[in-house]
Amino acid sequence: MARYNYREVELKWQSKWDTEKVYRAKNPGDAGFDPKQKPYYVLDMFPYPSGSGLHVGHASGYIGTDIVARHKRMLGFNVLHPMGWDAFGLPAEQYAISTNQHPRQITDVNTANFRRQLKLIGLSYDWDREIDTSDPKYYRWTQWIFLQLYKKGMVYRKEMPVWWCEELKTVLANEEVINGRSERGNYLCERRPLTQWVFKITAYADRLLEDLSLLDWPESVRKMQSDWIGKSLGAEIDFKLESSGETVTVFSTRPDTLFGVVALVLAPEHPLVAKITAPAQKAAVEAYVKRAASKSDRERKAEAEKITAENTGAFVIHPLTGGKVPVYIGDYVLADYGTGAVMAVPSHDERDFELAKSTGLPLKKVIKPAAGVDDKDCFTEPGVMTNSGEFDGLTTEDGKVKVTAALEKRSAGRARTTYKIRDWIFSRQRYWGEPFPLLIDEQGDIVLVEEIELPVQLPDMKDFQPSADGSSPLARAKDWVEVRDKSGRKLKRVTDTMPGWAGSCWYYLRFMDPHNTKAAFSKEAIEYWREVDLYVGGASHAVMHLLYARFWHKVLYDIGLVKEKEPFKKLFNQGMVTAFAFKDATGRLVPTDEVEQKGMDYVRKSNGEPVERFISKMAKSLRNVVNPDDVINAKGCDSFRLYEMFMGPLDSEKPWTDDGIAGCEGFLKKLWNTCTLEEGGLKLHAGEPSEKIWRSLHKALKRTNDSFELFNFNTAIAAMMEGLNEIRESGDTMTREQMEFFMKMLSPFAPHMAAEIWSMLGHQTWIDFAAWPEYDAAKTVQNDFELVLQVNGKIRKKIRVPINMEESLAVPLAHQELAEWLTGKEIVRSIYVKNKLMNVVIKG
RNA sequence: GCCCCGGUGGCGAAAUUGGUAGACGCACAGGACUUAAAAUCCUGGGUUUCGAAAGGGACGUGCCGGUUCAAUUCCGGCCCGGGGCACCA
């Protein structure tokens, strides 16, 4: 056979796909658009084009979506499969600073490298739709959408305690700060009161929560979003200060425990603290407040197990019993959640229980466990109310309602829902982002930039470094900041920029109509494509991008700009590709290139000492980062694609091995050798097609079709390998029809070889749009099969019998075959599973 | 602490509704072809035990128990790994 020169063949097809724009998706109004063809939109989370380029881990999601896109085209869908660059934002800017280059320049270089790498993988993107969020032609519309959200009342400016990162010299959103450290760079952050631009995402909290039920998303991501939104139902309860009659309101999810209150606890920052503190307590309370303020959030968390509080000396009146309740302050109460004040019920809340322990406050049991449930000093589960006057005997569930109603009647409380989610801090004091399309006049009032003036171009600044004083770098571009409107009025531009999330909040919509210069996207395009059918990306975006994008989408829905309530119908998280790493006996990491295999073991090259193999993230320090360029050069793109999928199901984490790819390369070589003649041309069977080969092909097709349900393409590839092995063992060759069948089935996975053999079969048309083969179960049926004979569940024998054998025939046959085990035993019964097995149950 | 996901050979893994555990591949061992190598092809293997061999027995999907004729699959209790949340009242 002629040796398969994969790189030559792959480059040939890749260049044809490119120049003939094979994967261009047609929009309504385009030449050749067929309104009867159904749309299918499959989207990757677009990458931030980093300086280090793609590694094999990024590629797995892209290959997965590419297989889906190619499959859907063959099923007759008009497939939208675009790619672009999430180029604005901190990562690009930090990289630019560290390499001392302008982010524009860096972005262009990195983008070119990413585009080259993606094309190398043979991904069937519609490159005509490529977008770059840092391109003025794109961010013009990001700014336009911002204005629509502004007009809808979704943007405000307010001084509030926000996260400030001194290292990054900017504020960050709550979602971007994890355990007091920045999500990007892992730098320490602190709370500072600052005036910032904020999105009113809390106004959509309920809908963001409820509509999760409309989505075909992984349970874990939906859970993370619902936890982040953190809705809790409860009541606000008013306590009157004994001294002044002023109201202190607490929030509680357990109004049924109201009779168990032994104290009120206010956050140290609560506005009433100074006012109510008794003279005798003043010094202690002030010291406590001061100490709490000086503690960072980290320290507060670190000391979480210790609940402390200080008595203010003030008392409030219990709204139902009229009893006196002391007021404490404690730093376990958060100022910005609920009302910044809680009622302490030590018998039924863990923290309050700890509080009672440290302050000597009494326990007051008002909930008894339901029958059969163990009681504890601190019983936090639902139960039955007791010591609660008229409410005794009510369940927790009923009690919540009845107590709240009683409070409402006395105007001392009301049902209330609170959320953990905070409004979204949207301004950044950084250079590399979209400027706000806002102006401020001399009175300090906000003026919107006229839509026809958009985009507000990011000024070209040589010195784009963040300012030391916390102001935005754009403030230094004096000429840019100061403008006059038509009437000559002096105005100043807002100098903050938008966060990196802005561009990714709507890019999936721009892909539907990327070149529109009159609108962000046309009505026709939206009405045709509607939503993303399949969205694939890493799980790390579960809250942040996916929450922000859903929020923008819902506002756009309310304005009438989009037609679906949700942007991403089905979400799929691809698993991380990890790599093997090594450590020596002392636990020290040993770089991969210093290790070699000796038999079944791994040893250090230099001294032969044994090292232990384990799985870790790919890391430069371990020298186990694998670059797809190298793999493709060595093994070919089709082999690379197959192996990425063959390693395991798309959603599970799996380690890369350079050796593993040999199996996929071998499969392709074997397939080539099976299909082609040494002197060139194809090895085609002329006469009657082999039934065995049809059986193998249809069996493989069944499993391939099934793999599109769970995206476990490893099973599809295994099925094709098995099919090929069977074909080779049969000793027959494929007919033209059979070879076409195989190539079509292979095409989404290894598109280059499929295209090559397809064209050798004489086709002038693209295999990419050939109809996907029809599965025919009848073709897989055999006349006989191996019936498994068991005695008491243990396999004793296997016999070949005709298919669909009746039980009446099978039972005596089995008994006869199993005579050796059955003689002299009492047969209790015989269980016959048609076409599978027979289990004879005996006694004695 | 709470929630979610996972644990199957030396390794990656497979196994419709409970019905032959380990498909497919890697690595390994042995062999064929070759002056040699590359390439290609063939064979082998869960563990253990009996047997000279052919072949057989027992055990085996993290651990312990349960349901069932039959459990990787269902139920209960644990152990380990990964991820998320963590004073949210």
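- The six-membered or imidazole ring of F708(A) lies near that of F713(A), with a centre-to-centre distance under 6.0 Å.
- Residues forming a side chain to side chain donor-acceptor pair (under 3.5 Å) with R728(A) (at least two apart in sequence, or on another chain): T674(A).
- Y419(A) is linked by a side chain to side chain donor-acceptor pair (under 3.5 Å) to D206(A), counting only residues two or more places apart in sequence or in another chain.
- The separation between K400(A) atom NZ and rA89(B) atom C1' is 12 Å, rounded to whole Å.
- Between N835(A) atom CG and rU16(B) atom C1' the separation is 15 Å, expressed in whole Å.
- K231(A) comes within contact range of no nucleotide atom at all, as no heavy-atom separation falls under 4.0 Å.
- Among residues two or more places apart in sequence or in another chain, the side chain to side chain donor-acceptor pair (under 3.5 Å) test is passed with N705(A) by W772(A).
- Interatomic distance, I229(A) CD1 to L212(A) CG, rounded to the nearest 0.5 Å: 5.5 Å.
- The residue among T418(A) and M647(A) whose nearest nucleotide of RNA chain B lies closer to the 5′ end is M647(A).
- Comparing the P positions of rC50(B) and rA32(B) gives an interatomic distance of 33 Å, to the nearest angstrom.
- Counting non-hydrogen atoms under 4.0 angstrom, F580(A) reaches the backbone sugars and phosphates but no base.
- Closest approach of A205(A) and I421(A) over heavy atoms only: CB-CG2, 4.0 Å.
- Here rG83(B) presents its P atom at 18 Å from CG of D227(A), a figure rounded to the nearest Å.
- Computed from coordinates, the Y643(A) OH to rC24(B) C1' distance equals 13 Å when rounded to whole Å.
- Across all strands shown, R422(A) has no heavy atoms under 4.0 Å from either base or sugar-phosphate atoms.
- Each of S252(A) and E653(A) was matched to the nucleotide of RNA chain B holding its nearest heavy atom; the match closer to the 5' end belongs to E653(A).
- Distance check on atom P: rC75(B) versus rG22(B) gives 25 Å, rounded to whole Å.
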Tabulate atom names and distances for all N/O pairs under 3.5 angstrom spanning the protein and nucleotides 18-23 of chain B.
residue	atom	partner	partner atom	Å
rU20(B)	O2	K798(A)	NZ	2.6
rA23(B)	O2'	E722(A)	OE1	3.3
rA23(B)	O2'	E722(A)	OE2	3.1

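- Between the CE atom in M720(A) and the CG atom in N725(A) there is a gap of 13.0 Å [rounded to 0.5 Å].
- Among the protein residues, K223(A) comes within range of the sugar-phosphate backbone only, with heavy atoms under 4.0 Å from sugar or phosphate atoms but none that close to a base.
- Of the side-chain N and O atoms in S232(A), one or more sit less than 4.0 angstrom from OP1 or OP2 of rA89(B).
- Comparing rC79(B) with rG25(B), their P atoms sit 40 Å apart, to the nearest whole Å.
- Using P as the reference atom, rG19(B) and rU73(B) are 10 Å apart when rounded to the nearest Å.
- rU40(B) is paired with rA32(B) under the criterion used here, namely a Watson-Crick or G-U wobble arrangement in which both key atom distances are under 3.5 Å.
- For the P atoms, the distance linking rG6(B) with rG44(B) amounts to 35 Å, nearest Å.
- Distance E820(A) CD to rG55(B) C1': 12 Å, rounded to the nearest Å.
- An OP1 or OP2 oxygen of rA89(B) is reached within less than 4.0 angstrom by a side-chain nitrogen or oxygen of Y337(A).
- Residue D352(A) is out of contact with every strand shown, counting any heavy-atom pair closer than 4.0 Å.
- Taking atom CE on M721(A) and atom P on rA14(B), their separation rounds to 14 Å, with Å as the unit.
- A salt bridge links E354(A) with K357(A): at least one charged nitrogen is closer than 4.0 Å to a carboxylate oxygen.
- V841(A) comes within 4.0 angstrom of the backbone, heavy atoms only, and of no base.
- A syn orientation is assigned to rG9(B), its glycosidic angle lying within 90° of 0.
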Per-pair distances, 0.1 Å, donor-acceptor, side chain in residues 656-664 of chain A, under 3.5 Å, sequence neighbours excluded:
residue	atom	partner	partner atom	Å
W656(A)	NE1	D658(A)	OD1	2.8
T657(A)	OG1	Y643(A)	OH	3.0
T657(A)	OG1	G660(A)	N	3.2

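- With both ends at atom P, the span from rC11(B) to rA23(B) equals 15 Å, rounded to whole Å.
- Within the structure, every side-chain polar atom (N or O) of K654(A) is placed at least 4.0 Å from both OP1 and OP2 of rC26(B).
- For L668(A) and rU40(B), the CG to P distance is 13 Å, given to the nearest whole Å.
- Residue L546(A) contributes atom CG, which lies 15 Å from atom C1' of rG84(B) at whole-angstrom precision.
- Across all strands shown, T657(A) has no heavy atoms under 4.0 Å from either base or sugar-phosphate atoms.
- Close to rA13(B), at under 4.0 Å from its OP1 or OP2, lies no side-chain N or O of N712(A).
- The shortest distance between the side-chain N/O atoms of R796(A) and the OP1/OP2 oxygens of rG57(B) is below 4.0 Å.
- Here the separation of rU48(B) from rG31(B), taken at their C1' atoms, is 28 Å to the nearest Å.
- For rA58(B), the paired base is rU47(B) (Watson-Crick or G-U wobble, both distances below 3.5 Å).
- Judged by Watson-Crick or G-U wobble contacts below 3.5 Å, the nucleotide rC2(B) has rG84(B) as its partner.
- Between rA71(B) and rU47(B), the two P atoms lie 23 Å apart (nearest whole Å).
- K834(A) comes within 4.0 angstrom of no nucleic acid atom, judged by non-hydrogen atoms across all strands.
- Set against rG84(B), rC26(B), rC87(B), the side chain of D331(A) has rC87(B) as its closest nucleotide.
- When the side chain to side chain contact (heavy atoms under 4.5 Å, CB included) test is applied to S540(A), no partner is found at least two apart in sequence or on another chain.
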